Amino acid sequence: MTGRGMLNMVGTAVGGLIGWAEPAPSADPESLRALFADFDVQVGPTSADLDEAVAAFQSRVGLIPDGEAGPRTVHLLARYAAEARELSRFHNAA
């Protein structure tokens, strides 16, 4: 199994245990950068840039800022990104 497959499987399992009904989002770098873009946060091209962005997000939402995009971090990032997209649609329609 690939690393991505393992992360998705673990995310699904943890999400089910803590009550998230939506499918586990992907934790690959491109997906994470796309989620950050939904907040209008541009992440630099290196893995260190992504780790820094993840740690800053974790700090702001009350998680331990370790820079690792684990299941809880990715689920929260996806949830906030979805809300940002919805607010953007609402703003653009007004």
Side-chain angles (χ1 to χ4, degrees):
M1 175 177 284
T2 66
R4 181 187 301 175
M6 181 60 80
L7 284 173
N8 284 336
M9 183 177 72
V10 169
T12 300
V14 170
L17 289 174
I18 57 179
W20 282 310
E22 65 266 11
S26 176
D28 66 272
E30 295 81 23
S31 296
L32 293 174
R33 282 185 171 84
L35 291 171
F36 278 114
D38 288 336
F39 303 131
D40 291 327
V41 173
Q42 300 303 313
V43 179
T46 69
S47 61
D49 294 330
L50 184 57
D51 293 347
E52 185 178 322
V54 169
F57 172 78
Q58 291 168 324
S59 181
R60 288 191 175 243
V61 298
L63 298 175
I64 296 170
D66 60 7
E68 296 291 322
R72 186 174 177 115
T73 298
V74 175
H75 273 279
L76 287 173
L77 183 59
R79 181 175 291 165
Y80 284 112
E83 289 177 12
R85 286 189 303 270
E86 186 63 29
L87 285 172
S88 178
R89 281 191 287 265
F90 176 75
H91 178 73
N92 291 336

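Here the structure is a predicted model, which is why all the values come from computation and not from measurement. Just the heavy atoms: all of them, side chains too, but no hydrogens, waters or symmetry mates, feed the values below.
For Arg33 (side chain) and Asp28 (main-chain N/O), no donor-acceptor pair under 3.5 Å exists by modelled atom type.
Taking all atoms of both residues into account, the shortest heavy-atom contact from Ala53 to Val43 is CB-CG2, 3.8 Å. Between Ala55 and Pro65, the shortest heavy-atom contact is O-CB, 3.4 Å. Across every non-hydrogen atom of Asp38 and Ala81, the tightest pair is OD2-CB, 3.6 Å. Of all the heavy atoms in Val74 and Ala27, the pair that sits closest is CG2-CB, 3.9 Å.
Between Glu68 and Thr73, the closest side-chain pair of non-hydrogen atoms is not below 4.5 Å. At least one side-chain heavy atom of Arg85 sits under 4.5 Å from a side-chain heavy atom of Leu35.
With respect to the salt-bridge test (charged N to carboxylate O, under 4.0 angstrom), the residues Arg89 and Glu86 qualify.
Residue Phe36 holds its CZ atom at 5.0 Å from CG of Leu77, rounded to the nearest 0.5 Å.
Hydrophobic clustering, with ILVMFWY side chains joined whenever heavy atoms are under 4.5 angstrom apart, groups Leu32 together with Val61. The hydrophobic cluster containing Leu76 does not contain Leu87, counting ILVMFWY residues as joined when their side-chain heavy atoms lie under 4.5 angstrom apart, directly or transitively.
Crowding of Ile64 atom CD1: a count of heavy atoms from other residues, nucleotides or ligands under 6.0 Å not exceeding 12. In Phe39, the CZ atom is crowded: over 12 heavy atoms of neighbouring residues, nucleotides or ligands sit closer than 6.0 Å.
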